[in-house]
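Basis for what follows: all heavy atoms, side chains included, without hydrogens, waters or symmetry-related copies. Computed from a predicted structure; not experimentally measured. The chain is numbered in sequence order, starting from 1.
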Amino acid sequence: MADRDEVQTARWLAIREQVGACLRALRHRAGAVSQARLSSDLEALGYRMTQSMVSRYEQGVLDAPLSLERIVGWALCCGSLSAPIFTDAMDVAGYRLAASREELERFDRLLAQYRALPMPDQVVLRRSLLWHLLGLRPEPIDAAGDAPTYLPSRSGAGR
């Protein structure tokens with residue numbers, strides 16, 4: 001295992017219970033979204049996340065570190081981007097977003113409004129917000145019809 005991987009794994013082992021408690025609180029803050037619903041919503045965003053994995057992350061027993069993208073995706077699916085517990089999870093994990101608190105509150109309100117729409121529309125909105133929050137921008141589909149790629153925006157986001 002590379003030295004960097006060992007350091008990341010050791011750091012995750014030290015914080016995984018704290019992050020897990022924050023993730024559980026985010027899910028409960030959202031009106032007790034079920035673990036099954038959350039895993040389904042995360043899958044729709046493109047993350048392989050089973051109900052069992054959601055449970056194990058919340059218990060702080062899963063050894064695989066959670067990336068910035070997955071933590072933000074979790075909060076998006078719970079409609080809790082502006083929740084102080086999301087900020088706590090990000091702080092513990094050592095991540096930062098370029099978005100202001102006011103912007104996160106607007107995103108939460110927008111997510112709440114979209115809950116009445118069909119699931120495909122909700123997924124499109126969540127993906128767009130995720131890309132925006134991570135500082136990614138879509139590139140147009142090329143002449144060969146390949147799917148767009150996502151590149152860092154100039155402002156960027158992250159650690």
ask   = Can Glu105 and Arg101 be counted as an ion pair, charged N to O under 4.0 angstrom?
value = yes
task = Please test Met90 against Leu68 for side chain to side chain contact (heavy atoms under 4.5 Å, CB included), starting from the C-alpha separation and ending with a verdict.
result = CA-CA 8 Å; Met90 295 287 284; Leu68 167 66; 3.3 Å; yes
message = Determine whether a donor-acceptor pair (N or O, by modelled atom type, separation under 3.5 Å) exists between the side chain of Arg56 and the backbone of Val61.
response = no
task = For Thr50 and Met53, indicate whether the former's side chain and the latter's backbone hold a donor-acceptor pair under 3.5 Å.
result = yes
query = Should Val123 and Leu133 be counted in the same cluster of Ile, Leu, Val, Met, Phe, Trp and Tyr side chains packed under 4.5 Å apart?
reply = no
key: ILVMFWY cluster, Met119 and Leu42 together (side-chain gap under 4.5 Å)   = no
ask   = Can you find a heavy atom in the side chain of Asp91 that is under 4.5 Å from one in the side chain of Thr87?
value = yes
message = For Tyr47, is the OH atom crowded, meaning more than 12 foreign heavy atoms sit under 6.0 Å from it?
response = yes
Check residues 14-26 and write down every donor-acceptor pair under 3.5 Å in which the side-chain atom is one partner and the other belongs to a residue at least two apart or another chain.
| from | atom 1 | to | atom 2 | distance (Å) |
| --- | --- | --- | --- | --- |
| Arg16 | NE | Gly60 | O | 3.0 |
| Arg16 | NH1 | Asp63 | OD1 | 2.3 |
| Arg24 | NH1 | Glu58 | O | 2.3 |

request  = Give a yes or no on whether Leu97 and Leu110 share a hydrophobic cluster (residues Ile, Leu, Val, Met, Phe, Trp, Tyr; joining criterion: side-chain heavy atoms under 4.5 Å apart).
outcome  = yes
key: Pair Ser39-Gln35, side-chain donor/acceptor within less than 3.5 Å   = no
ask   = For the atom pair CD (Glu103) and OG (Ser82), what is the distance rounded to the nearest 0.5 Å?
value = 11.5 Å
task = Keeping the roles fixed (side chain from Ser128, backbone from Val124), state whether a donor-acceptor pair exists under 3.5 Å.
result = yes
ask   = Which residue pairs pass the ring pair (Phe, Tyr, Trp, His ring centres under 6.0 Å) test when at least one of the two sits in residues 72-92, sequence neighbours left out?
value = none
